[in-house]
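Written out below as structure tokens is the structure these notes cover.
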Amino acid sequence: MADRYEPSSFEQKWRKRWDDADLFRTREEPGREKFYGMDFFPYPSGAGLSVGHCRNFVPTDVICRMKFMQGHNVLHPMGFDAFGLPAENEAIKRRSHPEPMIEQYAANYRRQMDLIGISYDWSRSFASSDPTYYKWTQWIFELLFRRGLAYRKLAAVNWDPVDKTVLADEEVVAGRAERSGALVEKKWIPQWFFKITEYADRLIDDLDGLDWPEGIKTQQRNWIGRSEGVQFSMPVVALTDDAYARIISGEPQPAAKQSEPRHSELEAIEAELRSTGFEPAADAAKAEKARLLHESLNRSSDQISSSSVQDGIEKAVERMQAKMPELEIVRTERRPSFEVFTTRIDTVFGMTFCVLAPEHPVVDRIASMVDPAHAEAIHAYQTVAKAVSDADRQAAQREKTGVFTGAYAINPVNDQPVPIWIADYVLATYGTGAIMAVPAHDQRDFDFAVKYGLDVRPVIKPDGPYLAGASPLGADEALDAYLKDPKSFNPVFESKSSTLINSGRYTGDTVSDAQRRLAEWMESRGIGERKVQYKLRDWLISRQRYWGCPIPVIHAADGEMQLVPEECLPVELPRVEHYEPTGDGTSPLAHIPEYVNTTDLDGRLGKRETDTMGGFACSSWYFLRFTDPHDADHAWTKALADAWMPVDCYVGGAEHAVMHLLYARFWTKVFYDAGLVSVKEPFKRLENQGQVLGYTPYRKVREGEKLDVGEDGVLVSFEQAAKLPPSEVTWRWARMSKSKGNVVTPDEMVEQYGADALRLYLLFKAPFNADINWENKGVEDLSKFLNRVFRFVAAVQPNFAAEWRDLIGFEELGAEERAVRRATHQTIRDVTADIERFSFNTYVAWLMKYLNALNDALGKTGAAPTRASALVMSEAVETLVLLLAPGAPFSADELWESIGKQGLTMHQEWPQFDAALASEDEITVAIQVNGKLRDTLRMDASADRDTLESAAKGSAKVQTHLEGKTIVKVIVVPGKLVNIVAK
RNA sequence: GCCCGGGUGGUGAAACGGUAGACACAGAGGACUUAAAAUCCUUUGCCGAUAAGGCGUGCGGGUUCGAGUCCCGCCCCGGGCACCA
């Protein structure tokens with residue numbers, strides 16, 4: 001047999017034998033435990049697989065192969081996420097159709113996966129663009145629609161006014177279209193949504209039971225962003241700046257104000273009247289002013305969503321009327337007001353201004369009631385804000401901007417007017433699109449207040465550490481200084497562990513008491529209510545593109561929407577020559593009359609929906625299709641899904657941490673509610689692999705050159721880099737991509753070093769979830785390890801005793817033989833546990849260590865071993881090959897055959913370890929004095945506490961360190977160490 | 001700004017709160033060879049002398065008999081983001 005690793009001599013042979021044996025076809029034998037191991041399905045690109053893709057395929061393959069050998073029925077499928085923008089764009093460029101192109105790419109992926117020996121059951125494979133698959137994606141759309149979870153509403157798309165096309169977020173760079181360079185506009189069109197927000201609580205709660213990386217779970221919780229708070233109403237009033245100043249200065253301090261708070265509008269008007277010396281009966285001119293003022297309060301607003309809030313305002317008007325019957329109250333319209341949501345209602349007395357998103361509907365009404373100069377500023381700011389893309393508005397460390405509207409809102413708890421600003425750091429899409437600003441206790445509000453000279457009013461007493469950290473003064477002086485000039489303290493105090501100050505009758509309350517009491521007070525007054533708010537928004541699935549799953553809806557002439565009957569599914573994509581974007585923002589499908597024009601079941605004319613579904617729809621249920629991939633009559637059979645689900649181990653990149661995984665979880669819950677599956681969660685365990693980075697040359701920037709966002713050098717090819725002077729070139733590790741020219745393919749690695757060397761390198765180089773800096777040299781190193789394995793097996797082979805299992809019990813084993821068996825069984829134990837816990841680098845390390853131990857033992861016995869050593873070596877060589885099999889399956893089968901064993905390693909039973917054989921007779925015990933290592937002793941493994949303690953005290957080294965000290969205490973950890981504490 | 005990860009020898013990395021550096025690479029020395037490659041052996045955290053001893057897991061504190069590991073406060077690097085009130 002060969003005593004070297006020569007992969008080219010046997011890889012092809014084993015690929016064929018595996019194929020002939022149909023080795024990877026899913027076993028479905030009753031009575032066996034199931035294991036469903038799955039990789040994220042890839043998008044098949046023309047560049048083919050890089051070694052980066054293999055980063056998760058190989059480890060998943062290792063665990064699936066081990067599970068199979070352990071006797072599980074293993075489902076290990078692979079498919080292709082074929083719909084999407086890149087395929088469509090490439091096909092347009094190539095003037096071909098995406099379908100045959102995708103088929104060709106997928107075939108190449110499959111070839112490459114087979115090349116490196118991944119054990120996929122190809123009989124279950126499909127692409128998401130297969131009509132037999134997307135028929136059921138459409139069926140699921142209809143399921144969601146019927147359950148009230150799919151709806152249409154207006155939503156903005158990125159519109160390129162030059163190319164006249166809708167752009168994906170990805171195609172917008174710094175507010176401009178990537179291709180045309182045009183400033184991207186917003187265009188509002190009706191689009192389809194799935195109501196994922198309805199499942200927000202369940203999507204948070206069920207995370208607890210999942211065996212996922214904590215970081216990913218946290219990211220999902222943060223994405224859903226459940227927060228409990230209070231939403232309350234703020235009426236808008238128009239005041240002159242002077243009037244505002246007088247009200248503020250004339251008001252008693254909130255802390256001293258003990259009377260029952262009155263309604264804000266009334267208070268504001270009264271204050272205004274009083275401040276001008278108004279007496280209703282005596283001064284007609286001032287009565288007229290009051291009337292005008294009042295009228296401005298009566299502008300209509302649809303911002304009042306809660307009837308209880310409306311009631312509250314009506315009552316206030318009634319009170320006002322009672323107080324000033326001479327005023328004519330116009331009741332025909334509602335007063336402008338808006339709602340704010342806050343999680344920190346306890347800080348409401350610290351509100352010194354409020355901020356509306358520039359798009360907030362009430363802003364236009366405000367503009368119409370303030371003086372022209374302010375109105376103009378508002379419109380100017382709105383225009384600017386509109387031009388800035390969402391992404392840029394939310395970009396990091398952006399300078400906050402905003403303008404004062406000229407109007408005021410009334411803080412309902414102390415009746416004080418606060419100026420209303422508009423600023424784009426408040427988003428129209430989250431919460432109510434309006435905030436109360438408490439600069440003393442919110443960093444963003446603080447920054448804004450500092451920039452625009454707005455007041456900062458502390459209402460939570462800062463604790464000692466905060467003040468001490470921010471000031472060299474003593475605690476009392478620091479508190480005084482803080483209350484006098486909070487703006488000089490930064491960062492702001494946001495802690496919830498203190499009590500309130502300057503907060504009327506809530507002063508002295510703890511934060512949590514104040515939150516509860518304020519919420520109750522607002523609810524009892526009808527001013528506001530407790531509310532749970534989510535960051536999560538509904539899932540927008542519409543795409544104005546050709547290459548996606550058609551949405552199975554017909555719009556009847558009367559505007560009614562009907563689902564395409566199930567028996568008419570799938571709605572197939574028409575095979576057409578042209579599917580370029582249409583120039584009017586609609587899908588290319590809209591320009592294919594034979595597709596669009598159709599009739600419904602009753603024979604009425606209708607038009608098909610022409611949007612397609614975004615790719616996340618296709619990937620939200622494919623794991624279920626794998627359980628029953630050929631069923632023409634159902635998406636899946638419940639019994640089969642129940643047999644396989646959940647996916648026991650789902651492996652892919654962390655870049656899908658939120659969206660894909662959240663959508664798949666959402667759909668699974670819908671299926672559960674519909675009785676289609678028995679699991680509430682699709683993926684029991686999730687693992688994220690690290691990236692593979694390629695060594696990439698960059699050239700220094702030359703004068704006059706501009707860099708792309710986020711780059712600090714110009715990407716150059718390897719050829720260009722070789723020609724440049726070394727000082728011009730910097731090398732960096734960067735994600736492998738075709739455009740960077742740093743891609744290493746599995747094909748070249750297999751060619752050069754063999755599939756198993758590539759597989760072991762990927763496993764060994766770094767922990768599974770850490771990034772790998774790719775080095776060909778490393779693959780070579782692992783091929784050398786395989787060389788040593790081949791050499792060892794060849795050396796043992798002449799004395800190999802296939803019947804060792806039956807004979808080994810009858811032999812008297814010496815210390816050497818017992819040591820070999822111990823290594824064997826320890827290795828089985830450690831390897832099995834480490835594959836299970838995705839610690840593949842140590843899996844390979846144990847095999848290396850084991851081989852080293854076996855080679856040492858072999859060196860001692862020499863060419864003429866005793867019967868006993870031949871038997872333990874036979875056990876060892878068999879074990880080594882079987883433990884190697886999941887990681888290096890080609891080599892394992894070759895070695896298995898070379899020692900005369902029948903069959904394939906996959907069909908062998910995974911070795912089991914014997915705890916008695918794995919245990920050590922003698923152990924090294926660490927002897928510490930005061931926690932510092934002073935000596936180590938070899939001791940019998942069964943030595944008890946007393947034996948250990950006296951042995952430790954007997955150590956000469958220990959005694960020198962104990963000189964002149966008294967032993968206070970002795971800690972004995974049997975099997976580990978003795979720690980003598982002495983003074 | 002917010003969120004999530006990380007910081008351990010020359011390098012990739014190991015390490016249930018219990019002997020820090022397993023396993024490998026690179027380096028040094030040696031064997032074999034005309035020579036090289038390949039292979040094999042020895043050695044390698046730092047200071048110190050090949051000793052004794054001391055120092056060492058980003059920094060500063062703390063808990064503990066004992067901390068890379070747990071707690072508090074920082075610094076730096078990477079990734080993500082929808083400035084989420």
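Note on naming: letters A, B, ... go to the chains in the order of the sequence lines (proteins, then strands), and numbering restarts at 1 for each one. What you see is a predicted model; the values in this text were computed from it and never measured.
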- Does a nitrogen or oxygen in the side chain of A:Lys932 sit under 4.0 Å from OP1 or OP2 of B:C55? yes
- Item | Atom-pair distance (NZ on A:Lys777; P on B:G10), nearest Å | 19 Å
- Message: As a test of reading the structure: which of B:C4, B:A14, B:C84 is closest to the side chain of A:Thr842, going by heavy atoms?
- Response: B:A14
- For atom C1', what is the distance between B:U19 and B:U57, given to the nearest Å? 15 Å
- Message: Tell me the interatomic distance from A:Trp846, atom CH2, to B:A22, atom C1', rounded to whole angstroms.
- Response: 6 Å
- Quick one: which of B:G12, B:A85, B:A82 gets closest to the side chain of A:Val426? B:A85
- Item | G-U wobble or Watson-Crick pairing nucleotide for B:G78 (cut-off 3.5 Å, both distances) | B:C4
- Lys/Arg-Asp/Glu bridge criterion (N-O < 4.0 Å) met for A:Arg945, A:Glu949: no
- Message: Base, sugar-phosphate or nothing for A:Pro213? Non-hydrogen atoms, less than 4.0 Å.
- Response: nothing
- Query: If you draw a 6.0 Å radius around CZ in A:Arg221, do more than 12 non-hydrogen atoms from other residues or ligands fall strictly inside?
  - Reply: yes
- Answer yes when A:Lys860 and A:Asp856 have at least one side-chain N-carboxylate O distance shorter than 4.0 Å, and no when they do not. no
- Task: Using the P atoms only, state how far B:C46 lies from B:C2, rounded to an integer number of Å.
- Result: 41 Å
- Query: Starting at the 5' end of RNA chain B and moving along, which residue's nearest nucleotide shows up first, A:Leu782 or A:Asn930?
  - Reply: A:Leu782
- Message: For A:Tyr695 and A:Trp733, I'd like to know if the aromatic rings sit close, meaning centre-to-centre distance below 6.0 Å.
- Response: yes
- Task: Give the rounded distance in Å between these two atoms: CD of A:Gln928 and P of B:G66.
- Result: 10 Å
- Message: Between the side chains of A:Arg530 and A:Glu228, is the shortest nitrogen-to-carboxylate-oxygen separation below 4.0 Å, so that they form an ion pair?
- Response: no
- Task: Using the C1' atom as the reference point in each nucleotide, state the distance between B:G62 and B:G79 in Å, no decimals.
- Result: 31 Å
- Looking at the side chain of A:Arg537, which of B:A22, B:A13, B:C84 is the nearest nucleotide? B:C84
- Item | Ionic contact status for A:Glu214 with A:Lys217, cut-off 4.0 Å | yes
- Query: Does any nucleotide pair with B:A67 by Watson-Crick or G-U wobble geometry, both distances under 3.5 Å, and what is it?
  - Reply: none
- Sugar-phosphate only, base, or nothing, as touched by A:Tyr534 at under 4.0 Å among non-hydrogen atoms: nothing
- Looking across every strand, which nucleic acid part, if any, lies under 4.0 Å from A:Thr936 by heavy atom: base, sugar-phosphate, or nothing? base
- Consider the side chain of A:Ala845, meaning its heavy atoms from C-beta on, and name the nucleotide among B:G18, B:A22, B:C3 that approaches it most closely. B:A22
- P gap between B:G9 and B:U63, integer Å: 28 Å
- Message: Any base atoms under 4.0 Å from A:Asn979, or only sugar-phosphate, or nothing? Heavy atoms, all strands.
- Response: base
- Distance check: side-chain N/O of A:Arg934 vs OP1/OP2 of B:G54, anything under 4.0 Å? yes
- Query: With a non-hydrogen cut-off below 4.0 angstrom, is A:Arg837 in contact with a base, only sugar-phosphate, or nothing?
  - Reply: sugar-phosphate
- Query: Which of the following nucleotides, B:A85, B:C25, B:C23, is nearest to the side chain of A:Asp781?
  - Reply: B:C25
- Query: Which part of the nucleic acid does A:Asp445 contact within heavy-atom distance under 4.0 Å: base, sugar-phosphate only, or nothing?
  - Reply: nothing
- Task: I would like to know whether A:Phe448 and A:Phe353 meet ring pair (Phe, Tyr, Trp, His ring centres under 6.0 Å); could you show each step before the answer?
- Result: CA-CA 10 Å; A:Phe448 196 81; A:Phe353 58 102; 5.7 Å; yes
- Query: Reckon A:Glu214 touches a base, only the sugar-phosphate, or nothing at all at heavy-atom distances under 4.0 Å?
  - Reply: nothing
- Please give the nucleotide sitting opposite B:A20 as a Watson-Crick or G-U wobble pair, both distances under 3.5 Å, or none. none
- Task: Let me know the distance between OH of A:Tyr843 and P of B:A22, rounded to the nearest Å.
- Result: 22 Å
- Message: Set out, in order, the CA-CA distance, both residues' side-chain angles and the distance that settles salt bridge (Lys or Arg N to Asp or Glu O under 4.0 Å) for A:Asp455 and A:Arg457, then state yes or no.
- Response: CA-CA 6 Å; A:Asp455 286 345; A:Arg457 187 187 305 158; 5.4 Å; no
- Proximal nucleotide (of B:C65, B:U39, B:U19) relative to the A:Lys784 side chain: B:U39
- Query: Which base sits across from B:A31 as a Watson-Crick or G-U pair, both distances under 3.5 Å?
  - Reply: B:U39
- Query: Under 4.0 Å between a Lys/Arg side-chain N and an Asp/Glu carboxylate O for A:Glu529 and A:Lys531?
  - Reply: no
- Message: Using the C1' atom as the point on both nucleotides, what is the distance between B:A52 and B:C59, in whole Å?
- Response: 32 Å
- Message: Side chain of A:Thr343, heavy atoms from C-beta onward: which of B:C23, B:A85, B:A13 has the nearest atom to it?
- Response: B:A85
- Query: Quick one: is B:U39 close enough that its OP1 or OP2 comes under 4.0 Å of any side-chain N or O from A:Arg788?
  - Reply: no
- B:G79, syn or anti by chi within 90 degrees of zero: anti
- Query: Rounded to whole angstrom units, what separation is found between the CG atom of A:Leu693 and the P atom of B:G78?
  - Reply: 13 Å
- Message: Taking any heavy-atom pair under 4.0 Å as a contact, classify A:Ser227: base, sugar-phosphate, or nothing.
- Response: sugar-phosphate
- Item | Short side-chain N/O contact from A:His961 to OP1 or OP2 of B:G53, under 4.0 Å | yes
- Please give, in whole Å, the distance from B:U64 C1' to A:Leu977 CG? 14 Å
- Task: Return the nucleotide paired to B:A13: Watson-Crick means purine N1 to pyrimidine N3 with N6-O4 or O6-N4, wobble means G-U with N1-O2 and O6-N3, both under 3.5 Å.
- Result: none
- Same-atom distance (C1') from B:U8 to B:G68, integer angstrom: 7 Å
- Between atom CG in A:Leu933 and atom C1' in B:C55, what is the gap in whole Å? 15 Å
- Touch class at under 4.0 angstrom, heavy-atom based, for A:Asn841 against every strand present: sugar-phosphate
- List for me each residue that meets side-chain hydrogen bond (donor to acceptor under 3.5 Å, both in side chains) alongside A:Thr824, sequence neighbours excluded, and say none if there are none. A:Tyr850
- Hunt down the Watson-Crick or G-U wobble partner of B:A49, both distances under 3.5 Å, from any strand shown, or write none. none
- When rounded to the nearest Å, what value does the distance between P atoms of B:U69 and B:G6 take? 13 Å
- Sugar-phosphate only, base, or nothing, as touched by A:Arg226 at under 4.0 Å among non-hydrogen atoms: nothing
- P-based separation of B:U11 from B:G17 [nearest Å]: 27 Å
- Determine the contact category for A:Lys849: base if any of its heavy atoms lies under 4.0 Å from a base atom, sugar-phosphate if only primed atoms, P, OP1 or OP2 are that close, otherwise nothing. sugar-phosphate
- Of the listed nucleotides B:A85, B:C3, B:A82, the one nearest the side chain of A:Trp223: B:A82
- Message: Taking the minimum atom-to-atom distance to the side chain of A:Pro767, which one of B:C4, B:A22, B:A13 wins?
- Response: B:A13
